[in-house]
Amino acid sequence: MSRRSQGSIFSRNFLRRFQTEQNDLLGRIITGDETWVYSWDPETKRQSAEWRDFDEPRPEKVRRKQGALKVMHMIFFDMNGVILGWPVPIGTSINAQYYKKVLQDKLRPAIRKKRPGLLESGILFHHDNAPVHTARAVTDVLAGYKWELLEHPRYSPDLAPCDFHLFPKMKEHPRGQRFETEEDIIQATKVAIKNLDKCSYVTAFKDWLQRKEKCANNGGSYVE
């Protein structure tokens, strides 16, 4: 099955279910992914905009690279906010066994502490199709917990809430700042997550629905 066919079929399946379950469906979803946070990330054009008189020349644009030091963060959230933000120790191989261990030792206890009702109502779990996520060791753990795995089309970051919403929002705060150590990066990421508007998480899920609708109506292709 092609990516476009997957996108269309999976989106239609989800939307049909949403018509029946509405917000009860969205309220049971936990979605997650991994992302790098760098010791320095250049400001965007919007962030670096500065006031100038009309006759002043534009400043010379310099192509800048991201900092060499970086920390991988594994983040899982629902409509109410981040449930787990886990910084992966530098040098750690993120393979199926490590991802499985995070689900078992970090995410599940965090859900039990912060969202105990989800364990009773039944978790709908979402992540993309990275090999680490689809490995047998991981799917067996999810099945053992009776967490229903939501469908996700291949190579579709435009349909992954972490990729199209949370990570870009989260990285706005530290962008343009320089961090000297791994701990500095970790603390800055915690602050960035804490400063996110609570409504942002609801917005992410509403945007996800709209993207699925466009994907279903455009034959599996999401178009901005």
Side-chain angles (χ1 to χ4, degrees), residues 11 14-15 17-38 41 43-44 46-47 71-88 102-103 105-128 133 142 145 147-150 152 156-177 179 183-215 222 224:
S11 293
F14 185 89
L15 292 170
R17 185 170 178 179
F18 177 73
Q19 288 178 350
T20 301
E21 301 180 41
Q22 295 292 309
N23 285 337
D24 287 341
L25 174 69
L26 299 183
R28 293 167 54 202
I29 297 175
I30 295 175
T31 183
D33 205 351
E34 305 86 38
T35 188
W36 288 109
V37 181
Y38 291 83
D41 224 353
E43 291 180 323
T44 62
R46 178 177 62 81
Q47 288 177 310
V71 177
M72 176 70 79
H73 281 73
M74 305 173 73
I75 300 179
F76 301 86
F77 75 100
D78 65 359
M79 289 183 70
N80 294 307
V82 170
I83 298 173
L84 175 68
W86 177 250
V88 179
V102 171
L103 295 179
D105 299 346
K106 304 299 178 183
L107 180 58
R108 195 160 186 259
I111 296 171
R112 186 179 295 114
K113 180 180 180 180
K114 297 180 179 180
R115 309 282 194 275
L118 282 180
L119 295 175
E120 300 297 327
S121 60
I123 292 171
L124 304 177
F125 192 71
H126 172 265
H127 53 199
D128 64 22
H133 298 165
L142 298 177
Y145 290 159
W147 294 1
E148 181 182 344
L149 185 60
L150 295 178
H152 184 84
S156 301
D158 51 343
L159 292 174
C162 280
D163 288 322
F164 70 72
H165 186 89
L166 182 64
F167 293 160
K169 292 284 186 183
M170 180 187 81
K171 294 178 182 181
E172 285 178 3
H173 177 77
R175 195 181 298 277
Q177 302 179 53
F179 307 108
E183 184 59 27
D184 289 342
I185 298 173
I186 292 171
Q187 291 304 317
T189 304
K190 288 181 179 178
V191 171
I193 292 173
K194 184 178 180 180
N195 287 341
L196 287 176
D197 191 309
K198 297 298 182 183
C199 295
S200 178
Y201 302 102
V202 175
T203 300
F205 278 78
K206 288 182 177 179
D207 192 3
W208 196 15
L209 273 178
Q210 292 173 355
R211 286 167 178 258
K212 286 181 175 294
E213 289 171 354
K214 290 182 179 180
C215 187
Y222 171 73
E224 288 281 8

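Phe125 has its side chain within reach of Phe76: a pair of non-hydrogen atoms, C-beta onward, lies under 4.5 Å apart. Put simply, the side chain of Met170 does not reach to within 4.5 Å of the side chain of Arg175, judged on heavy atoms. Proximity of Thr31 to Asp78: side-chain heavy atoms (C-beta onward) are nowhere separated by under 4.5 Å. In this structure, Ile75 and Asp33 have side chains that are not in contact, with every pair of non-hydrogen atoms separated by 4.5 Å or more. Residues Tyr38 and Phe179 have side chains not in contact (no heavy-atom distance under 4.5 Å, counting atoms from C-beta outward). Phe164 has its side chain out of reach of Leu159: every pair of non-hydrogen atoms, C-beta onward, lies at least 4.5 Å apart.
Checking His127 against His152 by side-chain atom types alone, no donor-acceptor pair falls below 3.5 Å. Between the side chains of Ser200 and His165, at least one donor N or O sits under 3.5 Å from an acceptor N or O.
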(Q) Please evaluate residues Trp36 and Phe167 with respect to the criterion ring pair (Phe, Tyr, Trp, His ring centres under 6.0 Å), reporting the C-alpha separation (whole Å), side-chain torsions for both, the decisive distance (0.1 Å), and the verdict. (A) CA-CA 9 Å; Trp36 288 109; Phe167 293 160; over 10 Å; no
(Q) Using side-chain contact (heavy atoms from CB on, under 4.5 Å), reason through Leu84 and Lys114 one step at a time and then give a plain yes or no. (A) CA-CA 9 Å; Leu84 175 68; Lys114 297 180 179 180; over 6 Å; no
Q. Could you go step by step and tell me if Phe205 and Leu209 meet the side-chain contact (heavy atoms from CB on, under 4.5 Å) rule?
A. CA-CA 6 Å; Phe205 278 78; Leu209 273 178; over 6 Å; no
Q.
Apply salt bridge (Lys or Arg N to Asp or Glu O under 4.0 Å) to residues Glu213 and Lys206 and explain how you reach the verdict.
A. CA-CA 11 Å; Glu213 289 171 354; Lys206 288 182 177 179; over 6 Å; no
(Q) Before you tell me yes or no, could you show the steps for Leu119 and Ile111 under side-chain contact (heavy atoms from CB on, under 4.5 Å), namely the whole-Å CA-CA distance, both residues' side-chain angles and the distance that decides it to 0.1 Å? (A) CA-CA 8 Å; Leu119 295 175; Ile111 296 171; 3.9 Å; yes
Q: Would you check, one step at a time, whether the test side chain to side chain donor-acceptor pair (under 3.5 Å) holds for Thr35 with Lys171?
A: CA-CA 10 Å; Thr35 188; Lys171 294 178 182 181; 2.6 Å; yes
Q: Apply the test side-chain contact (heavy atoms from CB on, under 4.5 Å) to residues Tyr145 and Leu107: give CA-CA distance (whole Å), side-chain angles for both, the deciding distance (0.1 Å), then the verdict.
A: CA-CA 12 Å; Tyr145 290 159; Leu107 180 58; over 6 Å; no
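Here the rule is side-chain contact (heavy atoms from CB on, under 4.5 Å) with Trp147, and of Ile30, Ile123, Leu124 only Ile123 fits it.
Separating the NE2 atom in His73 from the NZ atom in Lys190 is a distance of 8.0 Å, to the nearest 0.5 Å. Here the straight-line distance linking atom CG of Asp24 with atom CD1 of Ile29 works out to 11.5 Å at 0.5 Å rounding. In this structure, the separation between CG on Leu25 and CG on Leu150 is 7.0 Å, given to the nearest 0.5 Å. Here OG1 of Thr203 is found 9.0 Å from CE of Met79. Values are rounded to the nearest 0.5 Å. Going from atom CG of Leu166 over to atom CG of Leu196 covers 6.5 Å, rounded to the nearest 0.5 Å. With rounding to the nearest 0.5 Å, the separation of SG in Cys162 from CE in Met74 is 10.5 Å.
In terms of heavy atoms, Cys199 sits closest to Asp197 at N-OD1, 2.7 Å. The nearest pair of heavy atoms linking Tyr201 to Phe77 is CD2-CD1, 3.6 Å. Heavy-atom minimum distance, Ala110 versus Ile83: CB-O, 3.7 Å. Shown here for Val82 and Arg115, the closest heavy-atom pair between the two residues is O-NH2, 4.3 Å. Considering every non-hydrogen atom in both Pro161 and His126, the closest pair reads CD-CE1, 3.9 Å. Across every non-hydrogen atom of Arg28 and Ser121, the tightest pair is NE-O, 3.6 Å.
Between the Asp207 side chain and the Gln210 main chain, no donor and acceptor come within less than 3.5 Å of each other. For the pair His133 (side chain) and Asp128 (backbone), a donor-acceptor distance under 3.5 Å is present. Between the Arg211 side chain and the Asp158 main chain, a donor and an acceptor come within less than 3.5 Å of each other.
We find that Glu120 and Arg112 are not joined by a salt bridge, their nearest charged nitrogen and carboxylate oxygen being 4.0 Å or further apart.
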